[in-house]
Amino acid sequence: MGLFDKLAGWLGIKKKEVHVLCLGLDNSGKTTIINKLKPSNAQAQDIVPTIGFSIEKFKTSSLSFTVFDMSGQGRYRNLWEHYYKEGQAIIFVIDSCDKLRMVVAKEELDTLLNHPDIKHRRMPILFFANKMDLRDALSSVKVSQQLCLESIKDKPWHICASDALKGEGLQEGVDWLQDQIRTMKT
């Protein structure tokens, strides 16, 4: 049966499944972003904060995503590391208006990047500088500077300005992530 699976993959009939961790502080827009990435007929009308974690699935033209939507509340952040081993990519969402907690987001990112299950793996990280539609939002360049993203040398990363409520910036990010995953060795 392995030969048929490979043939289906080459022909584009079977989509490669990818496990993605969606991380970030509470109220950054993680669940809203994931909801917007699903087909419109599968989107939830009401978004509620994630408690613990939830698992969502959606497909793109060539990949099948299983997304672990991890709660960003302080008491749940220690759960993130239990999913690092199975993650193949990371979506890290930042509230670009939450200037006070940018330091906390940087601390969580540094902890993530230095974890033994992540540190030596070349997994792509997509950053969404979310809530860009709001007046006090920092630009994606400023968010990148605040988080010192330029110091990430051993992992491919990309930052996109996004507005999760309208879905703006999300496709650009997913396209980049999809390209990164397709070029990864399986």
Side-chain angles (χ1 to χ4, degrees), residues 17-38 44 46-58 63-132 137-138 140 142-160 162 164-165 169-170 173-174 176-177 180-181 184:
E17 186 167 327
V18 181
H19 291 181
V20 179
L21 303 175
C22 188
L23 309 171
L25 301 183
D26 53 313
N27 202 32
S28 58
K30 298 178 298 297
T31 304
T32 305
I33 285 173
I34 294 167
N35 189 54
K36 278 291 186 195
L37 294 173
K38 297 192 297 192
D46 297 318
I47 304 296
V48 294
T50 303
I51 305 224
F53 74 96
S54 68
I55 299 173
E56 300 289 340
K57 293 181 181 259
F58 68 91
L63 297 173
S64 176
F65 287 89
T66 299
V67 182
F68 295 84
D69 179 9
M70 306 301 293
S71 175
Q73 294 178 17
R75 65 178 176 247
Y76 293 114
R77 286 187 219 139
N78 62 342
L79 291 176
W80 294 1
E81 67 182 294
H82 298 291
Y83 296 89
Y84 290 168
K85 280 186 180 174
E86 42 185 296
Q88 295 164 286
I90 296 170
I91 296 174
F92 198 95
V93 182
I94 303 105
D95 179 343
S96 58
C97 290
D98 194 352
K99 296 174 186 109
L100 290 175
R101 293 196 313 157
M102 200 66 67
V103 173
V104 179
K106 180 176 179 357
E107 287 173 359
E108 291 297 338
L109 177 61
D110 290 345
T111 301
L112 163 77
L113 292 173
N114 288 309
H115 191 278
D117 291 337
I118 301 285
K119 188 172 186 158
H120 301 292
R121 292 173 56 202
R122 188 170 163 74
M123 58 192 312
I125 305 174
L126 171 61
F127 294 92
F128 281 120
N130 198 30
K131 302 184 183 182
M132 282 304 197
L138 294 173
S140 58
K142 288 280 188 200
V143 170
S144 177
Q145 290 170 345
Q146 296 257 326
L147 297 178
C148 301
L149 298 184
E150 69 283 350
S151 68
I152 302 173
K153 306 281 188 215
D154 59 342
K155 293 173 185 12
W157 63 270
H158 182 70
I159 187 166
C160 292
S162 65
L165 294 175
L170 303 184
V174 170
W176 176 85
L177 191 59
Q180 291 298 312
I181 291 167
M184 285 171 42

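Closest heavy-atom contact between Met132 and Ser96: SD-OG, 3.6 Å. Taking both residues in full, the closest heavy atoms of Asp69 and Lys30 are given as OD1-CB, 3.8 Å, listed atom of the first, atom of the second, then distance. Ser162 and Phe128 get closest at one heavy-atom pair: OG-CB, 3.6 Å. Between Lys36 and Leu165 the shortest heavy-atom distance is CE-O, 2.9 Å. Residue Lys131 comes nearest to Asn27 through the heavy atom pair NZ-O, 2.6 Å, listed as atom of the first residue, atom of the second, then distance. Between Ser144 and Glu150, the shortest heavy-atom distance links the atoms O-OE1, 3.9 Å.
His19 and Gln88 share no donor-acceptor pair across their side chains, judged by distance under 3.5 Å alone. Using modelled atom types, one finds a donor on one side chain and an acceptor on the other under 3.5 Å when comparing Thr66 with Glu17.
Partners of Ala164 according to the side-chain contact (heavy atoms from CB on, under 4.5 Å) rule, which considers only residues two or more places apart in sequence or in another chain, are Thr32, Ile33, Asn130. Contacts of Ile152 classified as side-chain contact (heavy atoms from CB on, under 4.5 Å), with partners at least two apart in sequence or in another chain: Leu113, Phe127, Leu149, Asp154, Lys155, Trp157.
In this structure, CZ in Phe92 is found 9.0 Å from CD1 in Ile125, a value given to the nearest 0.5 Å. Summarising the geometry, atom SG belonging to Cys22 is positioned 10.0 Å from atom CE belonging to Met70; distances are rounded to the nearest 0.5 Å. Taking CD1 from Ile159 and CD from Gln145, the interatomic distance works out to 10.0 Å, rounded to the nearest 0.5 Å. Here CH2 of Trp80 is found 10.0 Å from CG of Leu21. Values are rounded to the nearest 0.5 Å.
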Determine whether Met102 and Leu138 satisfy the following criterion, side chain to side chain contact (heavy atoms under 4.5 Å, CB included), listing intermediate values before the conclusion. CA-CA 10 Å; Met102 200 66 67; Leu138 294 173; 3.7 Å; yes
Apply side chain to side chain contact (heavy atoms under 4.5 Å, CB included) to Thr111 and Lys106, showing your working. CA-CA 9 Å; Thr111 301; Lys106 180 176 179 357; over 6 Å; no
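Arg121 contributes no side-chain N or O that, together with a main-chain N or O of Pro116, makes up a donor-acceptor pair within less than 3.5 Å. Here the side chain of Asn114 pairs a donor or acceptor atom with the backbone of Asp110 at under 3.5 angstrom.
The aromatic rings of Phe68 and Tyr83 sit tilted, their planes meeting at an angle between 30° and 60°.
Summarising the local packing, NZ of Lys99 is surrounded by more than 12 heavy atoms from other residues, nucleotides or ligands at distances under 6.0 Å.
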